[in-house]
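One structure is given below, encoded as structure tokens.
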Amino acid sequence: MKDLQEATERICELKGSQIALDALLTSVLLALPDDQKRAVLARFAVHAEVARTVMLHEPISELTLGAFEHDVRRFAALGPPD
């Protein structure tokens with residue numbers, strides 16, 4: 001039972017850290033001028049594609065893949081209007 005409690009606590013810590021990083025990244029991205037935002041999001045698209053390729057060859061859950069794709073779409077939507 002102790003191992004389950006420790007795992008649950010660690011998962012909660014990781015969630016908190018993830019939320020804090022998400023808030024930071026979102027605020028930084030929104031503060032950038034449009035041309036820099038476009039450049040960052042273009043690089044992000046390339047790195048996201050690399051991550052997809054890596055995950056394709058690893059035993060990763062559908063929940064993890066779904067969360068990844070959701071956040072990739074969400075960050076892409078923060079870009080400047082065309």
Side-chain angles (χ1 to χ4, degrees):
M1 185 66 168
K2 184 173 177 157
D3 289 340
L4 179 58
Q5 177 65 28
E6 289 174 358
T8 301
E9 289 173 5
R10 184 66 182 133
I11 289 168
C12 290
E13 290 171 359
L14 290 170
K15 285 180 183 179
S17 293
Q18 180 66 34
I19 292 167
L21 288 171
D22 185 82
L24 173 64
L25 182 57
T26 300
S27 63
V28 168
L29 189 57
L30 291 174
L32 291 175
D34 285 352
D35 59 331
Q36 290 178 352
K37 202 179 297 187
R38 280 186 194 90
V40 167
L41 290 173
R43 287 182 182 181
F44 175 63
V46 170
H47 286 273
E49 191 58 34
V50 169
R52 279 186 195 95
T53 302
V54 170
M55 289 188 292
L56 190 65
H57 301 290
E58 297 295 327
I60 296 183
S61 75
E62 289 299 318
L63 290 171
T64 301
L65 295 172
F68 171 81
E69 292 299 340
H70 175 267
D71 283 344
V72 167
R73 287 189 303 273
R74 190 171 58 79
F75 282 124
L78 295 175
D82 291 326

Report yes or no: do [X] and [Y] belong to one cluster of Ile/Leu/Val/Met/Phe/Trp/Tyr joined by side chain heavy-atom distances under 4.5 Å?
X: Leu63; Y: Leu65; result: no
X: Leu30; Y: Phe44; result: yes
X: Phe68; Y: Leu78; result: yes

* Could you tell me whether the side chain of Val40 reaches within less than 4.5 Å of the side chain of Lys37, counting heavy atoms only? =>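 The answer is no; the side chains never approach within 4.5 Å.
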
* Asked: Quick one: CG on Asp22 to OG on Ser17, what's the gap to the nearest 0.5 Å?
  ->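 Answer for the CG-OG pair, Asp22 versus Ser17, is 12.0 Å.
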
* Asked: At what distance, to the nearest 0.5 angstrom, does CD1 of Ile19 lie from CG of Leu24?
  ->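 Here the rounded value is 14.0 Å.
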
* To do: Evaluate side-chain contact (heavy atoms from CB on, under 4.5 Å) for Arg10 paired with Glu13, printing each intermediate quantity in order.
  => CA-CA 5 Å; Arg10 184 66 182 133; Glu13 290 171 359; 3.2 Å; yes

* Asked: Just wondering, more than 12 heavy atoms not from Glu62 lying within 6.0 Å of its CD?
  ->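 No, not enclosed.
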
* **Electrostatic pair Arg74:Asp71 at N-O distance under 4.0 angstrom** =>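 Yes, this pair counts.
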
* Asked: Looking only at heavy atoms, what is the nearest atom pair of Leu41 and Ala76, with distance?
  ->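 It is CD1-O, 4.1 Å.
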
* Asked: Considering all heavy atoms of both residues, which atom of Leu29 and which atom of Phe75 are nearest to each other, and what is their separation?
  ->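 What the structure gives for the nearest pair is CD2-O, 4.0 Å.
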
